[in-house]
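For reference, the structure discussed in these notes is given below.
All values below were derived from every heavy atom in this structure, side-chain atoms included, with hydrogens, water molecules and symmetry-related copies excluded.
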Amino acid sequence: MGTIKAVCTSAVKGIQKSESASVELRPDWGIEDDAHAGEWHRQVSLLSYEKIEDFKARGADVANGSFGENIIVEGFDLKSLAIGTRFRSGDVVLELTQIGKECHAHCAIYHQMGDCIMPREGVFCKVVRGGRIAAGDGIEVIAGS
């Protein structure tokens, strides 16, 4: 069992996301009012809390949402999970669809640190079952592990 440490959204692609108290997820769409929502395989992004903390220990001044991640999760090495892995948090069910991503243009974090963890540590999911999630909620792997 893991824990959701933060949920973040942005209305525009390509910028840092802002932390929210909670978010509403729609099936086959993503997070309400988030720029990455839509009918595709990268509806929601997840990043490991532990990987963010390791990056901070190297001197990075980053906040929740700085990497463009929607959900920060503690308790899982996300990139080690298989495509098709499912997560459940309350009513919400997410399915892992992609591990990592190509970085087309280096972000401010990369320019500051010479590195960014999102392209190799971030994972992407589609929303199988919707609902509301918030920081502090539990999250578990339910299938595909």
Side-chain angles (χ1 to χ4, degrees), residues 1-26 29-38 40-90 92-128 130-145:
M1 178 69 101
T3 304
I4 295 173
K5 300 295 281 185
V7 292
C8 308
T9 62
S10 66
V12 178
K13 288 184 180 181
I15 65 169
Q16 295 181 358
K17 296 187 183 292
S18 299
E19 194 168 354
S20 301
S22 65
V23 292
E24 185 72 27
L25 293 98
R26 283 183 26 209
W29 183 256
I31 296 174
E32 289 286 338
D33 301 320
D34 186 70
H36 289 92
W40 69 319
H41 70 288
R42 288 183 8 197
Q43 296 169 350
V44 180
S45 60
L46 284 72
L47 193 57
S48 165
Y49 172 77
E50 292 85 353
K51 299 298 182 182
I52 295 170
E53 290 303 303
D54 289 347
F55 199 66
K56 285 181 180 178
R58 292 174 32 205
D61 181 20
V62 294
N64 293 338
S66 290
F67 296 97
E69 73 280 11
N70 291 119
I71 304 171
I72 299 172
V73 177
E74 181 179 35
F76 301 108
D77 181 10
L78 295 168
K79 74 174 184 178
S80 72
L81 298 172
I83 300 296
T85 296
R86 288 191 173 194
F87 303 93
R88 180 175 51 218
S89 179
V92 173
V93 175
L94 304 174
E95 183 176 313
L96 184 63
T97 58
Q98 182 175 323
I99 300 169
K101 71 178 188 91
E102 184 178 346
C103 185
H104 299 290
H106 291 305
C107 63
I109 295 168
Y110 183 90
H111 289 294
Q112 174 193 5
M113 295 294 297
D115 188 24
C116 178
I117 60 174
M118 190 64 178
R120 64 180 178 277
E121 299 290 345
V123 302
F124 300 89
C125 296
K126 65 180 181 181
V127 180
V128 175
R132 182 165 291 279
I133 59 170
D137 288 351
I139 186 167
E140 62 185 330
V141 171
I142 58 169
S145 60

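- Rounded to the nearest 0.5 angstrom, Ile72 CD1 and Leu46 CG are separated by 10.0 Å.
- Remark: Glu95 engages Arg86 in a salt bridge (charged side-chain N to carboxylate O under 4.0 Å, His left out) (not counting sequence neighbours).
- Scored by the side-chain hydrogen bond (donor to acceptor under 3.5 Å, both in side chains) test, Thr97 finds no partners at all (sequence neighbours excluded).
- Considering all non-hydrogen atoms of both residues, Gly30 and Val44 come closest at CA-CG2, 4.1 Å.
- Residues Leu81 and Phe87 have side chains in contact (heavy-atom distance under 4.5 Å, counting atoms from C-beta outward).
- Between Ile52 and Phe67, some side-chain heavy-atom pair lies under the 4.5 Å cut-off.
- Between His36 and Arg42 there is no side-chain heavy-atom pair separated by less than 4.5 Å.
- Between Lys17 and Glu69 there is no salt bridge, since no side-chain nitrogen of the basic residue lies less than 4.0 Å from a carboxylate oxygen of the acidic one.
- Residues passing the side-chain contact (heavy atoms from CB on, under 4.5 Å) test with Val92 are Leu25, Leu94, Ile133, sequence neighbours excluded.
- Note: Tyr49 OH to Ile4 CD1 = 14.5 Å, rounded to the nearest 0.5 Å.
- Under the side-chain contact (heavy atoms from CB on, under 4.5 Å) criterion, Ala63 pairs with Ser66, sequence neighbours left out.
- The shortest non-hydrogen separation linking Ala21 to Ala134 is O-CB, 3.3 Å.
- In terms of heavy atoms, Thr9 sits closest to Ser20 at OG1-OG, 3.8 Å.
- Thr85 contributes atom OG1, which lies 10.0 Å from atom CZ of Phe76 (distance to the nearest 0.5 angstrom).
- Applying the side-chain hydrogen bond (donor to acceptor under 3.5 Å, both in side chains) test to every pair with at least one member in residues 72-83, sequence neighbours left out, gives these pairs: Lys79-Glu121.
- Remark: the backbone N or O of Val127 is paired with a side-chain donor or acceptor of Gln43 at under 3.5 angstrom.
- The shortest distance between side-chain heavy atoms of Lys126 and His41 does not fall below 4.5 Å.
- Using a 4.0 Å cut-off between charged side-chain N and carboxylate O, Asp137 and Arg132 make no salt bridge.
- Considering only heavy atoms from C-beta on, Asn70 stays 4.5 Å or farther from Cys8 through its side chain.
- With values rounded to the nearest 0.5 angstrom, Leu78 atom CG is found 8.5 Å from Glu50 atom CD.
- You'll find the side chain of Asp34 reaches within 4.5 Å of the side chain of Ser10, heavy atoms only.
- Listed for the Ser89 side chain is a donor-acceptor partner under 3.5 Å among the backbone atoms of Gly138.
- Remark: Thr3 engages no residue in a side-chain hydrogen bond (donor to acceptor under 3.5 Å, both in side chains) (not counting sequence neighbours).
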